[in-house]
Structures are given as structure tokens and as C-alpha cells.
*Asks:* 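Got a structure for you, written out below as C-alpha cells; questions coming shortly.
Counting starts at 1 for both ligands and their atoms, following the listed order.
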Amino acid sequence: MSEPIGLFGGTFDPIHYGHLRTAFELWQLLRLEQVRFLPAGNPPHRESSLAPAGLRLSMVRAAVAGQAAFVVDDREMRRSGASYTVDTLLDVRREYPERSLCLLLGMDAFLGVPHWHRWREIFDLAHVVVAHRPGWKAPITGPLGEVMVDRGTGNLRELHAAPAGRIFVHAVTQLEISSTDLRALIQANRDLRYLVPEAVRELIITSGCYARPQR
Ligand code: ATP
């Protein structure tokens, strides 16, 4: 069987080293053929204003340039309307009917999964790989706790042996960086150096996308 494909979705508003380091460590650990970065088009759970989709996409492209195993997949941005993970997975599954697909999520995102559209189907379409984030604990009760009991595994080989269906939780190097904090830093006229790739920092400066509106 070919190596699994990792799918890493997010608003990436902006992309930062917390995302990139997580993707890199999971790529290595899980021996993924590639990690596809999927910037969200019109996120259903998000009300705050975003940098324009095209700019978020450019930032993701700039961030992964030079890392051949990191691929930018703009299918959610090309789709009109809300971008639901279940639709994205159905789409990718059509392209790769037999392949192991690993949906990569931070623990905060994983805990929100029961609020996602048709969330139970997600586990039949892909494996879910959860990266620990600082301060978040794996669920042991509620609907996700039950799903963890049925589908949780500590055995990496299971992610290669079947195309979907398992949940694997793994601690990655903890980088306490969030896009929300980065946007706040810009608003406070602080420098994002060493928190985001230099090319992303430059795009943020030249576009002025997170700067406080001038009165
Ligand atoms: P925001 O602060 O705007 O909510 P964010 O920094 O959490 O953004 P997203 O684009 O919403 O970034 O996250 C995409 C994915 O990356 C999610 O699965 C999220 O859990 C994960 N993620 C975000 N920041 C980190 C981090 N520092 N370490 C590991 N995973 C992260």
C-alpha cells in the first residue's frame, strides 16, 4: 500500500511555526507521503474578519516553499459556500479511493469536532491524528470519549494498514503560538520575527492585512 496522505486544514490567518512544526513532526513520524495544507474558504465556525482568502493562500504557499512534501491544496477556497471538512474528505476520497488519509488536527480543533457538520462520517473517511496542544486534554467522556474508546489506537501501523477509521493522539513539540495572538501583536505594532517564516512576515507587512485601520 502507498504511504498515507496527511490533510491539514485551517484558516491559517496567518500560518505560523506552530502549524509548520506540527505538520513536519507528524509527516516524519507517520511516514506520510505528503502533507496537504488546506486553507479554509469560508469557515462555518468563524465570525471574526479574516485576511482575504487570496492572501492567506499566498502566505501558506510562501511558508511551505522549499519543502517538497508540503503541498498547498486550495480546493476549499475554490468551493463556493461554507467549507465543511466532511465535504473536503469526500472530495479527496474520490481522488484516492484506497489510500490511507490522515486528517491532522490540534487538540483544540479535535474537541470541537462534535459541532462539525455530519461529524461522525469524518471517522469513516479518514484517520484522525490529534496533536497535543498546551493546556488541552484528550476527552474521556461524552460523544468524543466514546469515539475514542471505539477508534483510538497507539499503533502507528494501523494508520498504514487501513484507509480510515482510527484516532491517534500524539504529543508534538509545544509551540504556544496562535494566529489570534499574532494578529494582536500586529495591532500592537510588535514584530512577528521568529514566530512565522520570514516570507510570511514580509507578506503581512507589505499587505498591511492585520494592521489597525487608520482613522
Ligand atoms: P486562531 O488563533 O485564529 O484560532 P490557530 O492558530 O488556532 O488560529 P488555525 O488555522 O485555526 O490556527 O488552526 C489550524 C490547525 O492547526 C488546527 O487543527 C489547530 O488545532 C492547529 N494548530 C494551531 N496552532 C497550533 C500550535 N501552536 N501547535 C499545534 N497545532 C496548532
Side-chain angles (χ1 to χ4, degrees), residues 6-30 32 35-64 70-77 82-86 88-89 101-117 119 122-123 126-139 144 167-188 190 192 194-197 200-201 203-204 209-210:
L7 302 168
F8 194 31
T11 38
F12 302 126
D13 190 21
I15 189 163
H16 53 69
Y17 279 132
H19 299 129
L20 291 161
R21 183 69 204 176
T22 296
F24 183 72
E25 289 187 15
L26 294 177
W27 169 64
Q28 289 196 314
L29 178 83
L30 307 176
L32 303 172
V35 176
R36 301 181 82 87
F37 286 73
L38 294 132
N42 174 20
H45 297 297
R46 192 72 187 244
E47 277 147 30
S48 61
S49 62
L50 304 166
L55 183 59
R56 286 187 291 117
L57 183 61
S58 302
M59 290 192 281
V60 176
R61 288 209 170 108
V64 306
F70 285 2
V71 174
V72 184
D73 184 330
D74 66 353
R75 76 183 68 218
E76 292 195 353
M77 287 192 162
S83 44
Y84 293 115
T85 299
V86 68
T88 302
L89 292 178
L101 299 177
C102 293
L103 181 68
L104 314 181
L105 295 177
M107 183 61 83
D108 61 324
F110 179 61
L111 294 179
V113 164
H115 301 288
W116 293 7
H117 186 54
W119 68 279
I122 287 170
F123 299 100
H127 299 297
V128 174
V129 175
V130 186
H132 270 301
R133 286 188 71 182
W136 299 89
K137 293 224 165 10
L144 263 190
I167 302 174
F168 181 83
V169 180
H170 180 71
V172 294
T173 301
Q174 312 273 283
L175 296 174
E176 186 54 292
I177 306 173
S178 76
S179 302
T180 304
D181 291 346
L182 296 180
R183 295 192 301 269
L185 284 176
I186 298 278
Q187 299 258 316
R190 304 269 297 279
L192 299 194
Y194 310 129
L195 294 172
V196 299
V200 172
R201 191 178 79 96
L203 278 170
I204 291 171
C209 58
Y210 302 118

*Asks:* Mind checking whether Ala40 has a heavy atom under 4.0 Å from ligand 1?
*Replies:* no
*Asks:* Ignoring hydrogens and geometry, is there a side-chain-to-backbone donor-acceptor pair from Arg75 to Thr88 under 3.5 Å?
*Replies:* no
*Asks:* Supply the atom-to-atom distance Arg56 CZ to Thr11 OG1, rounded to the nearest 0.5 angstrom.
*Replies:* 6.5 Å
*Asks:* Does Arg183 have a non-hydrogen atom less than 4.0 Å from ligand 1?
*Replies:* yes
*Asks:* Quick one: OG on Ser178 to CZ on Arg183, what's the gap to the nearest 0.5 Å?
*Replies:* 7.5 Å
*Asks:* Is there a nitrogen or oxygen of Ser179 sitting under 3.5 Å from a nitrogen or oxygen of ligand 1?
*Replies:* yes
*Asks:* So which heavy atom on Pro14 is nearest to which on Ser179, and how close?
*Replies:* O-OG, 2.9 Å
*Asks:* Which atoms of ligand 1 are found less than 4.0 Å from any heavy atom of Phe12?
*Replies:* 10 (O)
*Asks:* With heavy atoms under 4.0 Å as the rule, classify the contact between His16 and ligand 1 as side chain, backbone, both or neither.
*Replies:* side chain
*Asks:* I'd like the name of whichever of Ala109, Ala184, Ser178 reaches closest to atom 17 (C) of ligand 1 through any heavy atom.
*Replies:* Ala109
*Asks:* Just to check, does Phe8 reach to within less than 4.0 Å of ligand 1 when the distance is taken from its heavy atoms?
*Replies:* yes
*Asks:* Only heavy atoms of Leu105, strictly under 4.0 Å: list the atoms of ligand 1 that pass.
*Replies:* 18 (O)
*Asks:* Which residue is it: Leu38, Val130, Ile167, Ile122? I am looking for the one with a side chain to side chain contact (heavy atoms under 4.5 Å, CB included) to Leu103.
*Replies:* Ile122
*Asks:* Do any N/O atoms on Leu104 end up under 3.5 angstrom from N/O atoms on ligand 1?
*Replies:* no
*Asks:* For Thr22, counting its heavy atoms only, list the atoms of ligand 1 lying under 4.0 Å from any of them.
*Replies:* 28 (N), 29 (C), 30 (N)
*Asks:* Within ligand 1, which atoms have a heavy atom of Gly9 less than 4.0 Å away?
*Replies:* 14 (C), 15 (C)
*Asks:* Provide the number and element of each atom of ligand 1 under 4.0 Å from a heavy atom of Thr180.
*Replies:* 1 (P), 2 (O), 3 (O), 4 (O)
*Asks:* Check this for me - ligand 1, Gly10, N or O atoms closer than 3.5 angstrom, yes or no?
*Replies:* no
*Asks:* Could you check whether the rings of Phe110 and Phe123 sit parallel, tilted or perpendicular, using 30° and 60° as the cut-offs?
*Replies:* perpendicular
*Asks:* If you round to the nearest 0.5 Å, how far is CE of Met77 from CG of Leu57?
*Replies:* 5.0 Å
*Asks:* His16 and Leu195: which non-hydrogen atoms are nearest, and at how many Å?
*Replies:* CB-O, 3.6 Å
*Asks:* Can you find an N or O of Ile177 that's nearer than 3.5 Å to an N or O of ligand 1?
*Replies:* yes
*Asks:* Check the pair Tyr210 / Leu192 against side chain to side chain contact (heavy atoms under 4.5 Å, CB included), numbers first and verdict last.
*Replies:* CA-CA 12 Å; Tyr210 302 118; Leu192 299 194; 5.9 Å; no
*Asks:* Report the distance from atom CG of Leu185 to atom CD1 of Ile204, rounding to the nearest 0.5 Å.
*Replies:* 10.0 Å
*Asks:* For the 3.5 Å polar cut-off, considering only N or O atoms, please tell me whether Met107 and ligand 1 meet it.
*Replies:* no
*Asks:* Does ligand 1 have any atom that is closer than 4.0 Å to a heavy atom of Asp108?
*Replies:* yes
*Asks:* Between OG1 of Thr22 and CD of Gln174, what distance do you get to the nearest 0.5 Å?
*Replies:* 8.5 Å
*Asks:* Below 4.0 Å, non-hydrogen atoms only: which portion of Thr11 touches ligand 1? Side chain, backbone, both or neither.
*Replies:* both
